[in-house]
**Q** 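Attaching a single structure in structure tokens format; questions to follow.
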Amino acid sequence: MFPWSVPSKAAAPGAIYQSIKQSFLTVQIRTATKKTAGSKTHMKDSAGRRLGPKKQDGELVSIGQILMRQRGTKFYPGENVGIGRDHTLFALEPGYVRYYLDPFHPKRKFIGIALHRNIRLPLPHWEPRVRRFGYVEITDKFDSDREEGRMRRKEHKLFPHIEIALKKRQEARLEKKQKLGSQLTTFEEFFAESQEFIDIASSRLVKIDGFLRGGKSITEARFYATYNFRYDLQLLLKKMSITETQFDLRLTQYLTVASKVDEVVTFDSHFRLCKQLSSTQKEELAKSNLSKIQELVRNRTVMTRDTRNKVETLIDSPAFDISTQIRLRRKYLKPVVCESKAVSSTKDAVIVRRWNDKSRRIETISRARDAFAPS
Amino acid sequence: MSFGTGVWSNFSKRSTSLTVSSNKIKQGLLNAGLPFGPATLRKRSSRIKYSSPIGLSAVYPMAYEILELESSKIYETLSRQANELSMEQKEELLVRAEYHNPEVVFKSHFQTNSLDRTQPVYRRYLREKWESHDKMLLMQRLESLHAIPDTLPTLDPKCDVVLRFPHNNVHTTVEPGQLLSSNVTKKPPSLEVVEFDPVPHDLYTVLIVNPDTPDLENDTFSTTLHWALKNVPISSSDICIDALKLQECPERELVSYLPPVPDKNAPVNRLVVWVFRQNQKELADSSVTREFFDIRGFAARNSLTAVGAHIWRSGWDRNVPNVREIYGLPKGRVFHRVRR
């Protein structure tokens, strides 16, 4: 009756199963589906990358040995440890591996290399770093000379050009010295001076010229020319290349030459040798030059070539420093005369079209040919 | 409205450096509008083209009046409470009195090289300029080159140190951390120490140390003292420590200048310049050795306060043997290119 009712004792064990199976296990309901045979593999992981620490705390390692393989920085690089592009930690110095925490960087774990076994990491933050020199001296003379003379490719290729440039500069300095020497002899104070005097004076002037071109003032330039000479002489004395008496002699000789030369000559704003003027003389010269310039320019609406040259020579005097010269040139040597003068409608006029900033339009004006200063 | 009548135009008790020297610029600053356009524009066409922001010619005189009134009140406070105020308080009030003066502001922003350092307000503007860039640059260079803590533990910079090598034709300043050739560093440098605090005339110590001298016995580095100066006086008007100052008083040079002469293939040497305040005390002649110099001990023993620093680097170049020869130094060592 019921499928699970226990049959009679007389039936065999296999027969009980068969009878149950017959009753409900074999009932299959097949609706409109197509059952496919599939299987799941769960093989979606890759092989293990063998990450993790490679050296234990306290192990002696050499440079370059890997200490930790990781994804991201589970451990940060500490003392003498470098980090690679995949955050691999490696040793930068030979020493003992140390795993430690640093109070200066909380929530981080570090791997560092202690150079000596008794050093504890982290090193005290305010102490000088413990460093290893690591280089070996070349004691053999031949080898050391060869290594000293060795050049990298870039230097090797540049070297001939450097030598040529150096030679050129030295020649230029010599030429300048000779030129300044010959210019010195034109000053009446130095007519009677010896060749040695001129030689020392011209060397000094070359140095002063260099300092002025570099941006020093004349007093600074003079001071440092003397200072450099004295310093070099003191070094020679220390090395014992010269005696004390020689030192005193040379120094006094140089100082006398320097004081004489500084009294008489100086450099103007265009680095040309000129007569040294006192401040009163300079003021007077500046005043007289200015009045002359104003007289030349006053009654003229028009600048002739002759006037222009005269004004230029007056401006280009040692009485004016470079900024004053520029101001005077801007004021008195304008390339075009201002439009209140020399606007004419004669046959010889030049038609000029130019922008008017106030009316904001292009205007056509005829100017006399004289309005344009001669070049 | 109040141009020319208030405290900012009165120079009986104020320094004349608190005004602009150029008339054209002064006219621009002390007028409602700009009568000739902005004076700092050179071309007349540019000056014509310029137009001020709308309403500024009405607002500017009113603002000037208000600020000048505040300044006059501060000056009154200063004169009334002259004895009760401390030096710092007086300094602060003097700064506030002139901080918004348009002439002072113009000078501080556009004529920085010619500011009168004796005036508190100019010192304040110089300090602000220094803190906005040069101070941070110096600290960055000192930290990234590990000058601190390899020499002194740290630095709280109180003054601006400007370094140059004046024996050279080139008159430019050295940037902190710059790599210099041996030809440049063969003679001593000159320093300008710009103090921003109103310090009473104090004496200064200057040390130049090299923490990268090879110590082959211990396979490490040691510190060498390259230059030491002591008892150098500096004031707001005289900030230079140079050959001229040393010529006045040769005893100020405690240790003579040794140029950096690095060895071939050794690491680049850092030369750290330290400027200390001696706190009104004269430095007694202490026995100072060049080699294995202990800068921390020296500073502690003489109770020096580090107020400024600078740093440059020197590497081996082909001129180093010449410098050694000039100074009579022994031949330099040559190391293996490969570091073992």
Side-chain angles (χ1 to χ4, degrees), chain A residues 63 93-94 115 123-141 143-151 155 159 162 207 209-217 219-221 223-228 230-232 234-236 238-241 330 355-358 360, chain B residues 42-49 146 148-154 166-172 186-188 211-212 214-216 218-223 242-244 247 256-257 263-267 295-296 316-318 320-321 325-329 331-340:
Chain A
I63 302 174
E93 296 280 353
L115 292 176
L123 292 170
H125 191 83
W126 306 108
E127 289 300 308
R129 295 177 300 164
V130 179
R131 295 180 288 155
R132 188 181 75 94
F133 184 60
Y135 291 92
V136 178
E137 188 185 349
I138 301 173
T139 42
D140 181 57
K141 189 182 185 304
D143 288 339
S144 72
D145 286 345
R146 188 172 57 171
E147 178 61 32
E148 202 170 21
R150 200 156 262 160
M151 289 185 202
E155 193 187 352
F159 204 70
I162 292 170
K207 290 261 156 63
D209 173 78
F211 286 134
L212 290 172
R213 281 174 196 275
K216 288 190 170 67
S217 67
T219 32
E220 277 182 325
F223 174 80
Y224 278 107
T226 320
Y227 169 79
N228 277 349
R230 187 191 271 114
Y231 195 93
D232 293 337
Q234 277 169 344
L235 286 178
L236 286 174
K238 264 191 206 165
K239 270 200 302 183
M240 295 186 278
S241 305
R330 281 197 182 132
W355 175 256
N356 184 327
D357 291 298
K358 276 201 169 132
R360 297 179 67 77
Chain B
R42 283 220 169 274
K43 291 207 300 189
R44 189 160 166 273
S45 57
S46 311
R47 289 200 293 270
I48 292 164
K49 281 178 202 170
H146 302 290
I148 47 178
D150 280 354
T151 50
L152 288 180
T154 190
H167 69 90
N168 239 343
N169 282 359
V170 181
H171 198 58
T172 50
K186 70 184 177 203
K187 290 204 175 99
D212 295 323
D215 176 12
L216 295 181
N218 303 317
D219 195 23
T220 184
F221 296 90
S222 70
T223 307
D242 57 1
L244 191 63
Q247 254 184 15
S256 66
Y257 182 72
D263 295 309
K264 170 112 195 192
N265 292 333
I295 185 169
R296 295 182 189 214
W316 186 91
D317 49 40
R318 235 153 260 293
V320 166
E325 209 243 289
I326 290 166
Y327 277 78
L329 298 170
K331 199 163 181 294
R333 294 175 288 205
V334 178
F335 294 101
H336 244 290
R337 233 174 322 123
V338 177
R339 184 167 182 257
R340 307 226 185 269

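Reminder, nothing fancy here: chain letters follow the sequence lines and each chain counts from 1.
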**Q** Restricting to non-hydrogen atoms, name the atom on A:Pro128 and the atom on B:Asp150 that form the minimum distance, rounded to 0.1 Å.
**A**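 Taking every non-hydrogen atom into account, CB-O, 3.8 Å.
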
**Q** For A:Asp145 and B:Lys331, run side-chain contact (heavy atoms from CB on, under 4.5 Å): C-alpha distance rounded to whole Å, both residues' side-chain angles, the deciding distance at 0.1 Å, then the answer.
**A** CA-CA 11 Å; A:Asp145 286 345; B:Lys331 199 163 181 294; 3.2 Å; yes

**Q** Would you check if the side chain of B:Lys264 reaches a backbone N or O of A:Gly149 as a donor-acceptor pair within less than 3.5 Å?
**A**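 Pair absent, no side-chain N/O of B:Lys264 close to backbone of A:Gly149.
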
**Q** Answer with side chain, backbone, both or neither: which region of B:Ser256 has an atom nearer than 4.5 Å to a non-hydrogen atom of chain A?
**A**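 The answer is the side chain of B:Ser256.
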
**Q** Tell me, side chain or backbone of A:Arg213 under 4.5 Å from chain B's heavy atoms, or both, or neither?
**A**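 A:Arg213 has no heavy atom closer than 4.5 Å to chain B.
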
**Q** For chain B, find which of A:Arg129, A:Lys239, A:Glu127 contributes the most heavy-atom pairs closer than 4.5 angstrom.
**A**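 Most heavy-atom pairs within the cutoff with chain B belong to A:Arg129.
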
**Q** Can you list the residues that meet the side chain to side chain donor-acceptor pair (under 3.5 Å) rule with B:Arg339, with sequence neighbours excluded?
**A**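 By the side chain to side chain donor-acceptor pair (under 3.5 Å) rule, B:Arg339 matches A:Glu93.
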
**Q** When you measure from the side chain of B:Asp219 to the backbone N and O of A:Arg132, does any donor-acceptor pair fall under 3.5 Å?
**A**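 Such a contact is absent between B:Asp219 side chain and A:Arg132 backbone.
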
**Q** For A:Tyr135, is it the side chain, the backbone, both or neither that has a heavy atom under 4.5 Å from a heavy atom of chain B?
**A**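 A:Tyr135 touches chain B through backbone and side-chain heavy atoms alike.
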
**Q** Please classify the contact between B:Leu216 and chain A as side chain, backbone, both or neither, with a heavy-atom cut-off of under 4.5 Å.
**A**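 Just its side chain gets close to chain A.
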
**Q** With a 4.5 angstrom heavy-atom cut-off, could you sort out which part of B:Arg47 is near chain A: side chain, backbone, both or neither?
**A**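 When you check distances to chain A, no heavy atom of B:Arg47 falls under 4.5 Å.
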
**Q** Hey, could you give me the CG/NZ distance between B:Asn168 and A:Lys216, rounded to the nearest 0.5 Å?
**A**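 NZ of A:Lys216 is found 7.0 Å from CG of B:Asn168.
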
**Q** About how many Å separate CG of B:Asp212 and CZ of A:Phe133, when rounded to the nearest 0.5 Å?
**A**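 Atom-to-atom, A:Phe133:CZ and B:Asp212:CG are 9.5 Å apart.
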
**Q** Where on B:Asn265 is there a heavy atom nearer than 4.5 Å to chain A: the side chain, the backbone, both, or neither?
**A**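 It is both, since atoms from each part get that close.
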
**Q** Please round to the nearest 0.5 Å and tell me the distance separating atom OH of A:Tyr227 and atom NZ of B:Lys187.
**A**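 That separation rounds to 7.5 Å.
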
**Q** Checking heavy atoms, do the side chain of A:Met151, its backbone, both or neither come under 4.5 Å from chain B?
**A**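 The answer is both parts of A:Met151.
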
**Q** Contact part of A:Phe211 toward chain B, heavy-atom cut-off under 4.5 Å: side chain, backbone, both or neither?
**A**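 Interface part for A:Phe211: both.
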
**Q** Could you look at B:Arg337 and say if it's the side chain, the backbone, both or neither that has a heavy atom under 4.5 Å from chain A?
**A**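 For B:Arg337, backbone and side chain are both near chain A.
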
**Q** Please walk me through it: do B:Arg318 and A:Phe159 pass side-chain contact (heavy atoms from CB on, under 4.5 Å)?
**A** CA-CA 11 Å; B:Arg318 235 153 260 293; A:Phe159 204 70; 3.9 Å; yes

**Q** Specify which of B:Pro211, B:Gly328, B:Pro188 makes the most heavy-atom pairs with chain A at under 4.5 Å.
**A**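 It is B:Pro188.
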
**Q** Between A:Arg330, A:Lys207, A:His125, A:Met240, which has the largest tally of heavy atom pairs under 4.5 Å with chain B?
**A**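 Highest number of pairs under 4.5 Å: A:Arg330.
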
**Q** As an exercise, state the distance from NZ of A:Lys238 to CD1 of B:Ile326, rounded to the nearest 0.5 Å.
**A**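 So the gap between those two atoms works out to 13.0 Å.
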
**Q** For A:Arg230, which atoms come within 4.5 Å of any heavy atom of chain B: side chain, backbone, both, or neither?
**A**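 Just the side chain, heavy atoms under 4.5 Å.
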
**Q** Just do the side-chain contact (heavy atoms from CB on, under 4.5 Å) check on B:His146 and A:Arg131 with the steps written out, would you?
**A** CA-CA 12 Å; B:His146 302 290; A:Arg131 295 180 288 155; over 6 Å; no

**Q** Against chain B, work out which of A:Val130, A:Asp232, A:Leu236 has the most heavy-atom pairs shorter than 4.5 Å and name it.
**A**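 Between A:Val130, A:Asp232, A:Leu236, the count favours A:Asp232.
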
**Q** With a 4.5 Å cut-off on heavy-atom pairs, point out which of B:Pro166, B:Pro214, B:Ala243 contacts chain A the most.
**A**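 Maximum pair count with chain A is reached by B:Pro166.
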
**Q** Below 4.5 Å from any heavy atom of chain A, which atoms of B:Pro321 appear? Answer side chain, backbone, both or neither.
**A**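 Side chain of B:Pro321 only, per the 4.5 Å heavy-atom cut-off to chain A.
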
**Q** Can you tell me which portion of A:Asn356 sits under 4.5 Å from chain B's heavy atoms? Options are side chain, backbone, both or neither.
**A**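 Interface part for A:Asn356: neither.
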
